[in-house]
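One structure is given here, and the rest of the page talks about it.
So that the names make sense, note that chain A is the first sequence line, chain B the second, and so on, each numbered from 1. A quick note: this is a predicted structure, and the numbers were derived from the prediction, not measured. What you see below is based on every heavy atom in this structure, not just the backbone, and it leaves out hydrogens, waters and symmetry mates.
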Amino acid sequence: MTHKERFFATIANQPVDRPASWLGLPVPSAVTELLRYFQVNSVDELKIKLDDDIYPIEVPYNFPPSNHIACAFKFAKMAHDDKPDERTLTAPGFFEDIDDPVLVDSFPWPDPALYLDVEESRRLVKAANKDYIRMGVMWSAHFQDACAAFGMEKALMVMLMNPEMFQAVIDRITDFYLKANEIFYEATKGYLDAVLIGNDFGSQCGLMVDPDSLRTYVFPGTKKLIDQAKSYGLKVIHHSCGSIYPIIQDLIDLGVDSIHPIQALAQDMDAPTLKTGFTGKASFCGGVDAQHLLVNGTPEQVTAKVKELKQLFPTGLIISPSHEAILPDIPPANIEAMFNAIN
Amino acid sequence: MNSELLEKLSECVEFGKINLASPYPPQMKGQPGADEITKEALESGVTPTEILNDALITAMNKVGQKFTENKIFVPQMLLSAKAMGASMVHLKPFFANGSVQRKGVFILGTVFGDLHDIGKNLFGMMVEGAGWEVIDLGIDVKTEKFLEAVQQHPTAVVGISALLTTTMVNMKPVIDAIKAASPSTKVIVGGAPLSADFAATIGADGYGKNPQEGIVWLDKISA
Ligand code: B12
């Protein structure tokens with residue numbers, strides 16, 4: 001099968017020659033060791049060597065210093081590093097003391113058209129090998145940004161005490177992403193196959209927010225983002241770390257094609273439990289534990305786990321680490337074992 | 001009368017009713033909250049110790065239990081902590097003049113290299129709700145900062161949080177340094193990738209998978 005055929009069959013729960021795979025996004029501090037170990041010059045070369053199926057394309061967003069769309073809103077009232085990983089979420093945010101929804105306009109909402117680089121979007125997507133699944137890494141984390149807009153603790157309390165205010169802010173954020181994504185989808189039309197969007201809803205032991213509140217305040221925005229992607233014919237991979245079992249059916253109903261990253265050690269997120277609950281109803285992406293196995297396990301243990309995953313999910317699971325960020329504590333030999341076992 | 005007020009207060013904290021003005025929870029709209037009831041209780045002769053032990057601690061205990069069982073989630077827990085805080089404000093003078101004793105001082109921080117603080121903050125609130133004075137050192141806390149805090153509060157217990165496999169390994173040097181400077185200081189650790197086994201191998205005295213486990217351990221060592 002080609003990369004594309006394999007990906008589409010995996011998410012449609014149809015037979016595959018082998019499950020589709022995704023390496024994830026190694027963080028810069030992990031890249032050097034990976035390149036040295038696999039004797040390649042770039043992550044692109046590494047992916048070819050591993051026969052990976054998905055090629056991620058980050059949205060080019062010229063908004064220094066981060067130049068990252070995940071840092072488009074400057075809500076935090078304190079200085080912090082302007083990088084996606086260092087989003088504070090919890091620091092007091094612009095809307096901390098604002099409780100009138102009318103005042104939602106007092107924030108200088110950015111216009112994505114000013115920063116999203118249309119030419120570069122087109123160039124990046126055209127440069128990607130068309131045999132791969134070209135996946136736009138959109139994130140569009142409207143819930144997490146709404147947390148940052150107030151400061152997370154405040155935001156979650158506002159959600160229950162002053163829902164109109166929370167709604168006004170999260171709607172604005174959603175609108176921003178809808179506009180940004182439209183620009184990107186238009187620029188890449190005909191060259192993009194899938195997108196990755198999402199928010200973290202889970203912690204290790206359960207959801208952070210109750211399912212009803214998510215359904216009321218968060219999923220309507222998720223639905224718009226999914227419908228928009230679908231209107232461009234794109235497959236939607238939805239990311240949420242942590243234990244999210246109670247909302248998996250919601251994500252399926254919202255139209256998600258594949259649920260990522262299946263944090264294997266989080267409560268109820270192990271492959272057997274997911275198989276029992278969702279065989280044939282959903283597809284997943286992830287599942288190879290990055291909290292213990294990939295970090296501390298031996299290549300033999302990784303091989304055994306991937307084989308077990310393949311047996312449980314002969315299709316319906318894109319095999320990938322249970323967090324897209326490959327950190328430097330994962331020995332490259334374990335990545336090698338993972339891909340050898342997939343192939 | 002007094003027990004009725006304590007019960008009402010306990011209910012406010014359990015369900016996150018902060019004060020009269022607060023619209024949450026909907027079923028308690030228009031009713032006085034933790035703020036007003038604490039004032040009323042103190043005025044009618046309920047002792048601050050009774051308020052702390054028989055209303056706040058009992059309520060927060062129930063909250064911790066429900067959170068562990070995934071019956072309530074972070075937003076509800078925050079509102080309970082907020083209601084507790086609204087009551088606690090009225091107890092501050094009694095803490096300051098020594099007429100109410102807390103269980104001890106708890107120093108808490110996220111280990112260096114790690115920026116995750118949602119779980120640490122929640123645990124801190126629960127520990128406060130269990131009757132401890134909490135000193136929160138924040139995120140990305142270097143060994144020296146923990147040591148300084150221990151020096152200032154020699155009888156304190158220390159809690160360290162880590163959410164990443166790449167930073168949980170930073171906990172051992174912090175614990176080693178604390179134990180070298182102050183061998184009797186007890187340390188408890190927690191956070192997503194940890195386990196009781198890991199906690200034992202790095203020399204921690206305790207481990208909490210969730211706030212409730214942490215508090216049970218704290219109660220045990222302070223008994
Ligand atoms: C929210 C989140 C973030 C937010 C953090 C915002 C903030 N202000 O905290 C942001 C987006 C910034 C973030 C960043 C990153 N994250 Co993060 N994040 C999470 C997530 C989804 C939830 C954590 C959380 O807040 N849970 C809610 C609280 C209530 O639960 P908790 O923290 O577990 O705490 C509870 C218990 O553990 C316990 N507890 C906690 N501390 C203590 C302390 C003591 C003493 C005790 C007794 C108990 C205790 O009580 C708490 C209440 O129940 C987890 C997923 C997960 N499984 O946990 C990933 C996760 C921790 N992150 C992960 C990663 C990889 C990262 C990044 C490296 C991402 C990247 N490069 O792309 C960066 C690292 C930044 C840094 N240097 O720290 C991975 C770690 C994998 C690994 N190898 O360990 C996880 C596990 C996700 C995954 N799919 O694997 N993250």
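- Using a 4.5 Å cut-off between heavy atoms, L78(B) touches chain A through backbone and side chain atoms alike.
- Between the OG atom in S22(B) and the CE atom in M157(A) there is a gap of 10.0 Å [rounded to 0.5 Å].
- Smallest separation of non-hydrogen atoms from F73(B) and D210(A): CD1-CB, 3.3 Å.
- Between the CG atom of L163(B) and the CD atom of Q204(A) there is a distance of 8.5 Å, given to the nearest 0.5 Å.
- Formation of a donor-acceptor pair under 3.5 Å by the N70(B) side chain with backbone atoms of C205(A) is found in this model.
- Taken from NZ in K209(B) to CD in Q267(A), the straight-line distance is 6.5 Å, to the nearest 0.5 Å.
- Residues P75(B) and M159(A) come closest through the heavy atom pair CG-CE, 4.2 Å.
- To the nearest 0.5 angstrom, Q76(B) atom CD is 6.0 Å from S213(A) atom OG.
- Counting heavy-atom pairs closer than 4.5 Å to chain A, the top residue among I118(B), L79(B), I18(B) is L79(B).
- The contact list for residues 161-174 of chain A toward chain B, using heavy atoms and a distance under 4.5 Å, reads M161(A) by residue number.
- The parts of V209(A) that come within reach of chain B are both its backbone and its side chain, each placing non-hydrogen atoms under 4.5 angstrom from that chain.
- Heavy atoms closer than 4.5 Å to chain A are found in the side chain of K82(B), but not in its backbone.
- Residue contact with chain A, scored on non-hydrogen atoms closer than 4.5 Å, is absent for I139(B).
- Residue-environment remark: CD (E96(A)) exceeds the threshold of 12 foreign heavy atoms within 6.0 Å.
- The minimum heavy-atom distance linking A290(A) with T165(B) is given by the pair O-CG2, 4.2 Å.
- Taken to the nearest 0.5 Å, the CE atom of M208(A) stands 13.5 Å off from the CE atom of M77(B).
- Heavy atoms closer than 4.5 Å to chain B are found in the side chain of L327(A), but not in its backbone.
- In this structure, T90(A) OG1 and D117(B) CG are separated by 3.5 Å, a value rounded to the nearest 0.5 Å.
- Annotation: maximal heavy-atom pairing with chain B below 4.5 Å, among V158(A), L207(A), V295(A), occurs at L207(A).
- In this structure, K29(B) places its NZ atom where only 12 or fewer heavy-atom neighbours from other residues, nucleotides or ligands lie under 6.0 Å away.
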